[in-house]
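A short worksheet on the structure shown next.
A note on names: the letters A, B, ... follow the listed sequences, proteins ahead of strands, and every chain is numbered from 1.
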Amino acid sequence: MTFSFGWLYRGTHEIFPSGDGKNANENLEQRILQSDRPLRIKMGIDPTGSDIHLGHSIPVRKMRSFQDAGHTAVLIIGDFTARIGDPTGKSEVRKQLTEEQVKLNAQTYLEQVRPILDFDTPGRLEIRYNSEWLAGMDLTKILELLGTMTVGQMIAKEGFNDRYDKGNPIFLHEFLYPLMQGYDSVAIESDVELGGTDQKFNIAVGRDLQRHFGMRPQFGLLMPILIGTDGSQKMSKSLDNYVGLNEDALTMYSKLEKTPDALLENYITLLTQLDYTQLSDNPREQQKILALDVVSQYHGMAAAHQAQADAANLISGSTEADSVPEFSVSTIEFPAKIFFVTSASGLCKTSSDARRQIQGGGVKLNGEKVADPNFLFEKSSDLIGQVLQFGKNKFVRFVP
RNA sequence: GGGUCGAUGCCCGAGUGGUUAAUGGGGGCGGACUGUAAAUCCGCUGGCUACGCCUACGCUAGUUCGAAUCUAGCUCGGCCCA
C-alpha cells in the first residue's frame with residue numbers, strides 16, 4: 001500500500017496526525033483512499049515580498065504531486081494576513097504592508113509558481129484571497145476565535161517563546177496571526193494543509209478551529225525547510241543564500257552548480273524527481289545534474305543546456321556564452337571609468353564596492369583581470385560586445 | 001501611570017570631550033588553492049564618475065575651538081511596581 005504513495009512521502013518530513021497509536025482512525029492514506037471526491041489541499045503564501053525562491057517551492061511541489069494524483073490545490077494568497085506578517089521564526093515584528101504592495105506581490109508570486117503547479121487541468125487549482133473572509137470579520141467573530149486559545153498556548157509557540165525570553169516585544173495583534181491562518185482552513189474546508197516544518201503550530205491551530213466549527217480537521221503535511229546555498233542557514237532572500245524562481249537560467253545554473261556537497265542529496269530529493277541512488281556518486285556530477293534539472297523546470301530544457309554550456313565557457317575564460325545577461329550602454333555617460341561601469345551595470349550595488357573589488361582582483365573584462373579601477377572607456381563603442389565579470393558568477397555583456 | 005536602565009556600522013559589541021569612518025568578533029564579499037565544493041591562507045567590509053568631497057554612533061536643539069562621548073526635550077525598547 002505504502003508503495004503507491006511514494007509521491008506522498010518523497011521528502012516529506014512529517015504528516016500529522018500520523019494514523020498510528022491513539023490516532024489510528026486518522027490516517028491520511030485512508031482518507032485519500034476512502035474519499036469519494038478530490039481532497040482539498042491547502043497552502044498559503046503571504047505576498048510579503050516580490051520574489052520567491054526554491055525554498056518556497058518545496059511545499060508547492062508537493063502540492064503539484066497532489067494535483068497529479070487528482071486532488072484540488074487550494075492556493076491561498078494571504079493578502080490580508082500579509083499585512084500583519086507571520087511572526088513564525090521572526091525575531092522582530094514584521095512591518096506592515098500597504099494594500100497596493102500586497103496586490104502587486106500577489107501577482108508576481110502567481111507568475112513564479114506557474115511552472116510548478118498545474119494551472120490548466122480543470123478542477124485542479126483554486127486561487128483564493130483570504131481578505132475574502134477575513135477583511136469583513138466583525139468583533140464578535142474575532143472574539144470567538146480569540147476565545148479558542150490561551151495565552152499560555154500562544155507563548156509556548158517557538159518564536160514567541162524565544163522573543164519573550166529575550167525580552168523582545170510581542171504585540172497583541174501578532175497573536176491573531178495563527179488564528180487567521182487557521183480560520184483560512186475553516187473557510188476553504190481544507191483536508192490537508194501543506195507547509196514547512198515551522199508551520200506546525202499554525203496548521204495545528206487550523207485543526208482546532210475546524211473542530212470548533214464542527215468540521216472534520218485537516219491533516220498537516222510538513223516539508224523540510226530548505227537550507228540555503230551557504231549550506232548552513234535556511235534559504236532566505238535577506239541572507240542572500242537563495243536561488244530565485246524568476247532568476248535567469250545562467251544565474252540559476254551557476255548558483256546550483258556550486259551547491260555544497262553536504263546538501264546535494266537533500267536538494268536532489270526535494271527539488272527534482274530524480275532517484276538519488278541511481279545517480280553518479282561523484283559530487284561534481286551531481287551538482288551538474290541537479291543544476292540542469294532544476295533550471296529546466298523553470299526555463300525549459302534547451303535554456304538549461306545553454307546555461308550549462310555557457311557556464312563552462314565562462315569559467316574557462318571564454319566569452320562565448322549566449323545566455324549572459326545583456327546590459328545596454330545607453331544609460332551610461334561616456335567617457336566612463338570602469339569602476340563606474342561595474343556598478344552602473346548592476347553587477348554590484350555601489351561604486352565604492354566596485355572600486356574595492358577591482359583592487360582586490362575580483363573583476364574581469366573578457367576573462368582578463370582588471371587592474372586599474374580608473375581604466376577609461378572613451379566612447380560607448382569601446383565597451384559594446386565586452387563581457388564584464390564580477391566575482392565568480394555575475395556576468396554582463398554590453399550591448400548598444 | 002510610577003521607577004529604573006538602555007539605543008553605536010549587516011549582527012553582536014568596545015569606546016565615555018580631541019589627530020582617525022570609529023578597537024574587536026561574527027557574518028558577508030573578493031583573491032590564492034580546489035572539483036565553480038569543503039578546509040586553509042591572504043585582502044576587503046559608509047557613500048560619491050573620487051587622490052578630493054559628503055554623510056554617519058535613536059531624533060531635535062544646546063554647551064564647547066572641538067562631542068558617539070556633556071546638558072535638555074522627544075521617540076522607541078527592556079526590567080520592576082501598579
- [ ] For the pair T148(A) (side chain) and L145(A) (backbone), establish whether a donor and an acceptor sit closer than 3.5 Å, ignoring hydrogens and angles.
- [x] yes
Open item on the list: Taking only the P atom of each, what is the distance from rC10(B) to rG46(B) in whole angstrom?
Closed with: 8 Å
Task: Atom-to-atom span, CG of L347(A) to C1' of rG30(B) - whole angstrom - done: 14 Å
- [ ] Measure the distance from CG on N241(A) to P on rC11(B) and round it to the nearest whole Å.
- [x] 17 Å
Open item on the list: Between rA67(B) and rU16(B), how far apart are the two C1' atoms, rounded to whole Å?
Closed with: 10 Å
- [ ] Could you work out the separation of rG3(B) and rA72(B) based on their P atoms and round it to a whole Å?
- [x] 15 Å
Task: Side-chain H-bond candidate by donor/acceptor type, R284(A) with Q287(A), under 3.5 Å - done: yes
Open item on the list: Strictly distance-based, threshold 3.5 Å: is any side-chain N or O of Q67(A) a donor or acceptor partner for the main-chain N or O of D118(A)?
Closed with: yes
Open item on the list: Tell me whether K141(A) is salt-bridged to D138(A), with the criterion being a basic N under 4.0 Å from an acidic carboxylate O.
Closed with: no
Open item on the list: What does the 5'-to-3' dot-bracket notation of RNA chain B look like when only Watson-Crick and G-U wobble pairs under 3.5 Å count, and pairs to other strands show as |?
Closed with: ((((((((.[[[..)..(.....]]]((((((.......))))))(((...)))...[[[[[..)....]]]]]))))))).
Open item on the list: Taking only the C1' atom of each, what is the distance from rC33(B) to rC41(B) in whole angstrom?
Closed with: 9 Å
TODO: Check whether the ring centres of W7(A) and F66(A) lie less than 6.0 Å apart, and answer yes or no.
DONE: yes
- [ ] Starting at atom OH of Y242(A), determine the distance to atom P of rG28(B), rounded to an integer number of angstrom.
- [x] 16 Å
Task: Separation of the P atoms in rG9(B) and rU69(B), to the nearest angstrom - done: 14 Å
Open item on the list: Tell me if a side-chain donor or acceptor on T229(A) pairs with a main-chain N or O of N241(A) at a distance below 3.5 Å.
Closed with: yes
Open item on the list: Please determine whether residues I142(A) and L179(A) belong to a single hydrophobic cluster, defined as Ile, Leu, Val, Met, Phe, Trp and Tyr linked transitively by side-chain heavy-atom distances below 4.5 Å.
Closed with: yes
Task: Rounded distance (nearest 0.5 Å) linking atom CE of M223(A) with atom NZ of K62(A) - done: 4.5 Å
Task: Distance between C1' atoms of rG13(B) and rU71(B) (Å, rounded) - done: 27 Å
Open item on the list: What is the distance, to the nearest angstrom, from the CG atom on D230(A) to the C1' atom on rC11(B)?
Closed with: 15 Å
TODO: Give a yes or no answer on whether the side chain of H56(A) reaches the backbone of H53(A) with a donor-acceptor pair at less than 3.5 Å.
DONE: yes
Open item on the list: Taking the basic N atoms (NZ, or NE/NH1/NH2) and the acidic carboxylate oxygens, is any pair closer than 4.0 Å for E257(A) and K255(A)?
Closed with: no
Open item on the list: Distance check, C1' atoms only: rU49(B) and rG35(B), in whole angstrom units.
Closed with: 40 Å
TODO: For rG78(B) versus rG26(B), give the span between their P atoms, rounded off to a whole number of Å.
DONE: 31 Å
Open item on the list: So does E285(A) get a backbone contact from the side chain of S280(A), meaning a donor-acceptor N/O pair under 3.5 Å?
Closed with: no
- [ ] Produce a footprint string for nucleotides 44-50 of chain B: one letter per nucleotide, 5' end first; B if the base is under 4.0 Å from any protein heavy atom, S if only the sugar-phosphate is, - if neither.
- [x] SS-SBBB
TODO: Examine Y183(A) together with F213(A) and report whether their ring centres are nearer than 6.0 Å.
DONE: yes
Using nucleotides 32-37 of chain B, report all nitrogen or oxygen pairs with the protein that are shorter than 3.5 Å.
| residue | atom | partner | partner atom | Å |
| --- | --- | --- | --- | --- |
| rG35(B) | O6 | D261(A) | OD2 | 3.2 |
| rG35(B) | N1 | D261(A) | OD1 | 3.3 |
| rG35(B) | N1 | D261(A) | OD2 | 2.8 |
| rG35(B) | N2 | D261(A) | OD1 | 2.8 |
| rG35(B) | N2 | Q287(A) | OE1 | 3.2 |
| rG35(B) | N2 | Q287(A) | NE2 | 3.3 |
| rU36(B) | N3 | E257(A) | OE1 | 2.4 |
| rU36(B) | O4 | E257(A) | OE1 | 2.7 |
| rU36(B) | O4 | E257(A) | OE2 | 2.9 |
| rA37(B) | N3 | D261(A) | OD2 | 3.3 |

